[in-house]
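Notes follow the structure.
A note on names: the letters A, B, ... follow the listed sequences, proteins ahead of strands, and every chain is numbered from 1. None of the values given here were measured: they were computed from a predicted structure.
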Amino acid sequence: MRILSSDVKDHVGKTVHVQGWLHKKRLLGGLTFINVRDRRGLVQVVIKDKAEVEKLRGLQIGTVLTVDGKVVEEPRAPGGAELHDAVVTVLVPVTDEPPIEIDKPIGHKPENLDTLFEHRALNLRNLQEQKIFKIRASLLRYIREFLGKHEFVEIQTPKLLAGATEGGAEVFKLDYFGQEATLAQSPQLYKQMMVGAFERVFEIAPAFRAELSATTRHMSEVMMLDIEMGFVKDHDEVLDMVGDLTIDALRRTYKDHADDLKSLNAPELVVTDKVPKFSVAEIHELYTKATGNDTTEEKDLIPDEEKWICEYTKKQSGSELVYAVKFPIEAMKFYHQVNPEDPTTVLWGDLLFRGLEIATVPLREYRYDKLVEQMKAAGVDVEHPGYKYYLQAFKFGLPQHGGCGYGIDRLVQKTIGLKNVKEATLFPRDINRLAP
RNA sequence: GGGCUCGUAGUGAAGUGGUCUAUCACGCCUCCCUGUCACGGAGGAGAUCGCCGGUUCAAAUCCGGUCGGGCCCGCCA
């Protein structure tokens, strides 16, 4: 029966069978140490028999093997135990030298990332690199658990669309049996329709954007968390739900992955029980006053402002999370709700974390006539199949609702403190990478 | 779409007109080594300096083009 690396120490005195990959060889003459890697980590094997060592001659890191050996308690061994009197059986010999080293921490300098992604399948055999994606998996689990507890139904919506989208980002176009289709840049319209069925829905799925952006925070394929909830009394209720979700997921991650985060040099988490809110106008004013760089005419926040307000809030309120709310009407999309208390702004908030926008959190226009009016004003063809069925949901009754589009890759990036969003992505897609 | 930058063994770096017949570290190969854990020691192989053209007595080094990266701005579910 197979014993996993982390359980070896529980079998002192017994002979156990481990399976894994050859991770490291250290030959010291009459004594050889090898590390075997499995899904739990590493186990150290001590080999004295020359014939056993000889089985590994010419075999490279990555060789798949089994080891049968006696578990010996040994304070000098990592984990406190190791295998002795080992019998090695090679299952899949690897003779080619790997193109990158996998048993040492791999540098994430920007100019080296291309090499890492080129050899991603091997690079992810590095235990340090794996931690990023175990943390990512946990974040997603905590998010699902939070939303499940709050009675959100997880849905999946189509990614092949009939051309129309809610506007904004550039879309990928493709041939669909002779007609033009696009790849979804967001499940926006579908999740709103589903409020009419389930009240509260969410989806975790890829979204595709064809922008020619080449920055550390953009990719062509991103993992989006989309949430939509009905019967909300105001914008704050939506902002708080998304804020609470984020705080909960971050706190749990920092608790459960404390060691991993530390070894990845993640910053200390500084959050409060509620995410502080500033209007865009307030941020422009504060930033202009503090830096002398006048942004009061900007419709959106500039990247430097996003960084600045995060640092400001961390200092003033002890929160690395902050909301920018009440965006100017010039920036609105047709599905946003205009602020009834100030028609020059829309009820739309951006959630910022450690200097980066990670989610947009608006309240939707739910009144059919008002929505049609806003769509027409935006130049949208309301008879187009991409919009017709969307409007049907409103015509037959949708309550006031709001939600968010939330960048999972960016959340992972910022949680760990990675410089580039692509480092938080298994196989990133950008303007010049489509493989592996 | 605009701007700025970088391409040197498998990997990461040094070298920015001549002493470069290109240096170092890791990895790889051979040998030595009984407590390694970035093991140590001795030796060895491995690079037409991204590609094309130009300037020059002389180009990894300067210039132009090209291909491939990176970073920022714009744009942005």
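Taking atom C1' on both B:U61 and B:G17, the two are 6 Å apart, rounded to the nearest angstrom. Taking atom P on both nucleotides, B:G41 is separated from B:C24 by 15 Å, rounded to a whole Å. One C1' atom belongs to B:G69, the other to B:C51, and the distance between them is 15 Å to the nearest Å. If you take atom P in B:G65 and the same atom in B:C6, they sit 16 Å apart, rounded to whole Å. Across B:C37 and B:U21, the matching C1' atoms stand 40 Å from one another, rounded to whole Å. Taking atom P on both B:G46 and B:A14, the two are 25 Å apart, rounded to the nearest angstrom. Distance noted for atom C1' between B:C4 and B:C39: 44 Å (whole Å). Separation of the C1' atoms belonging to B:C57 and B:C62 is 16 Å when rounded to the nearest angstrom.
Each of A:Ala207 and A:Gly29 was matched to the nucleotide of RNA chain B holding its nearest heavy atom; the match closer to the 5' end belongs to A:Gly29. Closest-nucleotide positions on RNA chain B for A:Asp300 and A:Asp430 were compared, and the one nearer the 5' end corresponds to A:Asp430.
Taking every heavy atom of residues 79-94 of chain A and every atom of RNA chain B, pairs under 4.0 Å involve A:Glu82, A:His84, by number. For the segment residues 58-78 of chain A, the set of residues with a heavy atom within less than 4.0 Å of an atom of RNA chain B comprises A:Gln60, A:Glu74, A:Arg76, A:Ala77, A:Pro78, in numerical order.
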Might you list the N or O atoms of the protein lying below 3.5 Å from N or O atoms in nucleotides 6-12 of chain B, with each pair's distance?
residue : atom : partner  : partner atom : Å
B:G10   : O2'  : A:Pro99  : O            : 2.5
B:G12   : OP1  : A:Thr115 : OG1          : 2.7
B:G12   : O3'  : A:Asn112 : OD1          : 3.4
B:G12   : O3'  : A:Asn112 : ND2          : 3.2

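To the nearest 0.5 Å, atoms NE2 (A:His284) and CZ (A:Phe278) are separated by 14.0 Å. Taking NZ of A:Lys422 as the reference point, atom CG of A:Leu113 lies at 8.0 Å (rounded to 0.5 Å).
Taking 4.0 Å as the cut-off between side-chain N and carboxylate O, A:Lys159 and A:Glu203 count as a salt-bridged pair. Of the charged side-chain nitrogens involved, at least one lies within less than 4.0 Å of a carboxylate oxygen, so that A:Glu52 and A:Lys55 count as a salt-bridged pair. A salt bridge between A:Arg209 and A:Glu170 is absent, with no side-chain N of the basic residue lying under 4.0 Å from a carboxylate O of the acidic one. The residues A:Arg136 and A:Asp409 are annotated as salt-bridged, a charged nitrogen and a carboxylate oxygen being separated by less than 4.0 angstrom. Of the charged side-chain nitrogens involved, at least one lies within less than 4.0 Å of a carboxylate oxygen, so that A:Glu118 and A:Arg433 count as a salt-bridged pair. The residues A:Asp103 and A:Arg37 are annotated as not salt-bridged, no charged nitrogen and carboxylate oxygen being separated by less than 4.0 angstrom. Between A:Glu365 and A:Lys333 there is no salt bridge, since no side-chain N of the basic residue sits under 4.0 Å from a carboxylate O of the acidic one.
The side chain of A:Lys333 contributes an N or O atom lying less than 4.0 Å from OP1 or OP2 of B:A77. Residue A:Asn420 has no polar side-chain atom (N or O) positioned under 4.0 Å from OP1 or OP2 of B:G70. Listed pair A:Arg217 / B:C76 fails the phosphate criterion, with no side-chain N or O lying under 4.0 Å from OP1 or OP2. Residue A:Arg433 places none of its side-chain N or O atoms closer than 4.0 Å to OP1 or OP2 of B:G70.
Atom NZ in A:Lys25 sits roughly 12 Å away from atom C1' in B:G27 (whole-Å rounding). Between the P atom of B:C28 and the CG atom of A:Leu27 lies a distance of 10 Å, rounded to the nearest Å. Rounded to an integer number of Å, the gap from CD1 of A:Ile431 to P of B:G74 is 16 Å. Put simply, CZ on A:Arg26 is 8 Å from C1' on B:A38, counting in whole angstrom units. Look at CZ on A:Phe327: it is 12 Å from P on B:C76, rounded to the nearest Å. Taking atom CG of residue A:Asp103 and atom P of nucleotide B:A38, one finds them 10 Å apart after rounding to whole Å. Distance CG (A:Leu301) to P (B:G74): 11 Å, rounded to an integer number of Å. Note: CD1 (A:Ile34) to P (B:C39) measures 14 Å, nearest angstrom.
Distances were taken from every side-chain heavy atom of A:Val222 (C-beta onward) to each of B:G70, B:A77, B:G35; the shortest belongs to B:A77. Side-chain proximity of A:Asn432 to B:C71, B:G69, B:C39: nearest is B:G69. The side chain of A:Thr360 sits closest to B:A77 out of B:A77, B:G35, B:G74.
For the pair A:Arg26 and A:Leu28, the minimum side-chain heavy-atom distance is below 4.5 Å.
The partner of B:C4 is B:G70, by the rule that a Watson-Crick or G-U pair needs both atom distances under 3.5 Å. Across all strands shown, B:C26 pairs with B:G10; the Watson-Crick or G-U wobble distances both stay below 3.5 Å. Base pairing annotation: B:U61 forms no Watson-Crick or G-U wobble pair, as no partner gives both donor-acceptor distances under 3.5 Å. Figure legend. B:G40 is base-paired to B:C32; pairs are counted as Watson-Crick or G-U wobble with both atom distances under 3.5 Å.
For A:Asp226 and A:Tyr190, the side-chain atoms include no donor-acceptor pair closer than 3.5 Å.
Around CD of A:Glu73, the count of heavy atoms belonging to other residues, nucleotides or ligands within 6.0 Å does not exceed 12.
Residue A:Ser213 places a side-chain atom within donor-acceptor reach of the base of B:C75, judged by atom type and a 3.5 Å distance cut-off alone.
Taking the six-membered ring for Trp and the full ring otherwise, the centers of A:Tyr390 and A:Phe394 sit less than 6.0 Å from each other.
Checked options A:Glu311, A:Gln413, A:Glu320; the residue passing with A:Arg354 is A:Glu320 (criterion: side-chain hydrogen bond (donor to acceptor under 3.5 Å, both in side chains)).
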